[in-house]
Amino acid sequence: MMNHHRKCLGFRRINILNSSVLMCAVAFCVAAPMAAVPARSQEVPAATRPSDDDLRRSDWIAQGRAKFISACSYCHGSKGDAGKVKSFTERSNWNPQSIHDVITNGRTRGSNVMPPWGGSIADDEIWRIVAYIKSLSTDFKGPIPVENGN
Amino acid sequence: MKRPIRAVAGLMLGAFAMSAFATGASAQDANGNWTEYNGDYRSWRYSPLDKVNKSNIGKLKVAWIHQPGDITSGIQVTPLVIDGIMYYIAANNRVYAVDAATGTQIWEYIPELDADHMKSIFAAYNRGVAIADGKVLLGTSDGRMIAIDQKTGKEGWQVRLTQPAECHGCNFTSPPTIANGIAIIGKTGGDLAQRGQIYGVNIADGKLLWTFEVLKDDPASWPADQIATGGGGAWMPGVFDPKTQLYYVGTSNPAPDFRASQRRGDNLYTSSIVALDPKTGKVVWHHQEVPNDAWDFDAQNEIVSIQHEGKDLIFHLNKGGFVTVLDKKDGSVVNVWQFSENVNWVDKIDPKTGKIGTRNEPTDAEKKIFCPSALGARSMNAGSYSPKTKLWYTNGFELCNSAQTVETQISKLAFSQPYYATSEFGFDAPPGKKASAYLKAFDPLTGKMAWRVDYKNPGLGWVLATAGGLVFNGDLEGYVHAYDDESGKELWKFQTGSGIRAGIVSYMADGKQYIVVPSGMGSLFPGFASSVFTDFKTIRGGAAVIAFTVE
């Protein structure tokens with residue numbers, strides 16, 4: 001736990017040094033969600049990125065929802081319909097990687113502060129939250145039923 | 001100005017010295033300074049200045065603007081003004097000294113904060129500094145207290161008080177309170193899995209003199225396995241009364257916020273007013289407003305002192321929507337009146353004893369709606385009391401939240417995650433009604449309302465009443481309004497460019513009265529409330545300190 005934490009401290013320092021670069025990358029993703037998203041492989045190894053089908057797993061969506069309610073909903077509303085950003089229920093074509101990266105790294109823009117969760121929510125759990133957020137989009141194709149998944 | 005703060009032997013002499021010098025020239029003593037967060041120890045936020053008044057308010061114009069340049073989480077400060085110099089704190093704990101007549105910057109101080117501080121959900125914002133002994137004192141976003149030189153802005157001593165890495169980011173968001181050479185400050189964390197504390201620091205050298213454990217180590221109050229993560233804290237400033245020589249502060253709620261069943265007992269000293277001896281940090285008396293709180297009802301709001309029929313009284317608004325009037329000498333209950341229009345967490349509170357009636361608590365079994373919400377009857381933005389009208393002017397709003405609880409493993413909490421223990425949570429309008437907001441004028445002892453002005457959205461700024469017969473209040477849309485203190489009639493308004501979430505104060509500089517309005521929306525509230533008050537979704541942030549005067 002402690003080790004984990006130190007590692008995450010290191011990440012933060014790097015992020016802050018490179019903040020202008022990072023901010024540009026993130027802003028780009030948001031402004032042009034359809035465009036190719038620059039790979040950020042140095043931070044998130046490609047192997048950990050789940051497939052689109054994984055992100056539709058009903059068990060992932062349920063687990064992601066539970067974490068979202070307890071860790072995120074007071075700032076975002078339980079369906080991501082509140083908060084200081086466009087409602088999660090009005091999104092389409094939202095790149096799961098950029099959702100993952102904002103959750104992991106946080107984002108400060110203008111007066112808005114989104115805290116970073118990397119290092120304190122495990123990466124696979126962050127992907128489950130991404131699955132829940134994706135399930136709120138207007139172009140969600142529906143869950144793929146999985147019982148008692150992990 | 002030299003302000004002796006050394007303890008003076010002898011109570012009478014001590015009391016005299018304190019009121020004359022050590023707390024500075026109080027906001028109420030007409031020499032035109034604003035020396036303490038809430039004006040002075042009475043927390044009136046009242047200016048005795050009347051050069052700006054009902055007859056010339058139409059001529060109130062901007063004199064100068066100062067911008068800190070960092071708008072992260074907006075600006076929440078109540079500036080201090082001493083002898084023509086304004087001191088204020090902005091985002092990420094930047095501190096500024098500015099000529100109060102011209103807005104010309106004298107110095108700035110930008111602390112190096114631990115990069116990790118942005119992981120705290122209470123990061124970046126701060127509500128003020130305190131000044132004593134030639135030092136400007138601040139509690140930092142990363143858990144330290146720092147003293148900087150009042151003349152030069154150079155860093156003096158610093159002391160680490162919290163370990164944010166071990167308490168989910170518990171830190172400081174408010175100024176310390178000065179009491180006889182001791183700076184007293186409480187940390188954030190009523191909602192965190194940690195143990196709340198208040199610290200007494202020696203202003204001369206930054207040494208920690210004492211720590212008050214907000215969670216009382218007593219099996220009658222706390223199950224043994226809950227106290228280490230029972231929340232508490234005191235994230236708003238208290239007051240030091242030079243007459244009683246006591247420090248009074250309102251404490252935070254216990255954690256987990258909504259699952260009271262796992263911590264049966266009264267959970268002292270959470271959701272309480274406590275009077276501490278500032279020399280030792282020992283409790284002299286306490287009054288707990290919400291025993292075994294289950295709704296996130298902190299007691300953080302201003303503690304207002306007034307005299308009535310020869311008695312020294314305190315009145316205090318709890319987040320739960322009731323105002324409690326206490327006898328200041330021992331904390332005994334004089335009256336309790338209902339402030340919020342929608343209350344369902346309790347059927348009644350006995351006005352004679354303050355005893356809570358039948359409770360309606362969140363449960364694991366079902367999602368229920370509770371009023372007022374965890375955001376409270378009002379946010380922490382204090383009202384203002386005018387001795388001229390004997391009215392208390394305060395913002396408020398009608399909002400509820402739904403909640404269902406679930407057993408929550410501490411080890412599974414993320415760093416920035418509050419210890420709410422909820423499986424369902426959301427903000428809602430009061431059942432069958434629309435959410436609403438207002439500025440109201442009350443008799444603070446009885447709750448009799450003199451007037452109200454309806455607002456589209458909750459007013460999040462701190463109110464200022466003046467001897468000029470004016471009540472200043474800021475709104476979400478960016479307007480600062482001046483109302484007639486007797487009727488509530490609007491006499492003046494000005495668009496500041498961003499919403500107001502800070503303290504309006506008044507002072508004299510170069511023979512003129514100034515009204516200063518820090519403007520710039522931010523803080524956590526807009527995100528929280530935006531599901532019901534949807535205007536919060538689209539507000540712009542900002543940070544500007546705007547001074548007004550009549551030419």
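What you see below is based on every heavy atom in this structure, not just the backbone, and it leaves out hydrogens, waters and symmetry mates. By convention in this document, chain letters (A, B, ...) are assigned in the order of the sequence lines, proteins followed by strands, and residues within each chain are numbered from 1.
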field: Pair B:Glu424 + A:Arg65, salt bridge at N-O below 4.0 Å
entry: yes
- prompt: What do the steps show when you test B:Lys537 against A:Lys86 for side-chain contact (heavy atoms from CB on, under 4.5 Å), and what is the final call?
  reply: CA-CA 8 Å; B:Lys537 269 189 93 75; A:Lys86 189 173 164 186; over 6 Å; no
- prompt: Given a strict heavy-atom distance threshold of 4.5 Å, which part of B:Ser416 is in contact with chain A: side chain, backbone, both, or neither?
  reply: both
- prompt: Measuring heavy-atom distances to chain A, does B:Phe536 have an atom under 4.5 Å in its side chain, in its backbone, in both, or in neither?
  reply: backbone
Which heavy-atom pair separates [X] from [Y] by the least distance, and what is that distance?
X: B:Gly74; Y: A:Ser111; answer: N-CB, 3.7 Å
X: A:Pro116; Y: B:Met118; answer: CD-O, 3.6 Å
X: B:Ser423; Y: A:Ile69; answer: O-CG2, 3.1 Å

Whether over 12 other heavy atoms sit under 6.0 Å from [X] [atom1]:
X: B:Glu112; atom1: CD; result: no
X: B:Arg94; atom1: CZ; result: yes
X: A:Lys67; atom1: NZ; result: yes
X: B:Glu407; atom1: CD; result: no

query: Heavy atoms, side chains only, cut-off 4.5 Å: are B:Phe425 and A:Ser78 in contact?
result: no
field: Validation row: B:Pro526, A:Lys84 side chains within 4.5 angstrom (heavy atoms)
entry: yes
- prompt: What distance do A:Asn112 atom CG and B:Ile539 atom CD1 have between them, rounded to the nearest 0.5 Å?
  reply: 7.5 Å
- prompt: Is it true that a side-chain atom of B:Lys119 and a backbone atom of A:Ser120 form a donor plus acceptor pair closer than 3.5 Å?
  reply: no
query: Are the side chain of A:Ser70 and the backbone N or O of B:Thr422 linked by a donor-acceptor pair below 3.5 Å?
result: no
task: Would you mind telling me which of B:Arg540, B:Met521, B:Gln417 has the largest number of heavy-atom pairs within less than 4.5 Å of chain A?
output: B:Gln417
- line: In terms of heavy-atom pairs under 4.5 Å with chain A, the winner among B:Ala414, B:Gly541, B:Ser531 is B:Ala414
Toward chain B, the part of A:Ala66 with a non-hydrogen atom under 4.5 Å: neither
field: Check: B:Tyr420 ring centroid to A:Tyr74 ring centroid under 6.0 Å
entry: yes
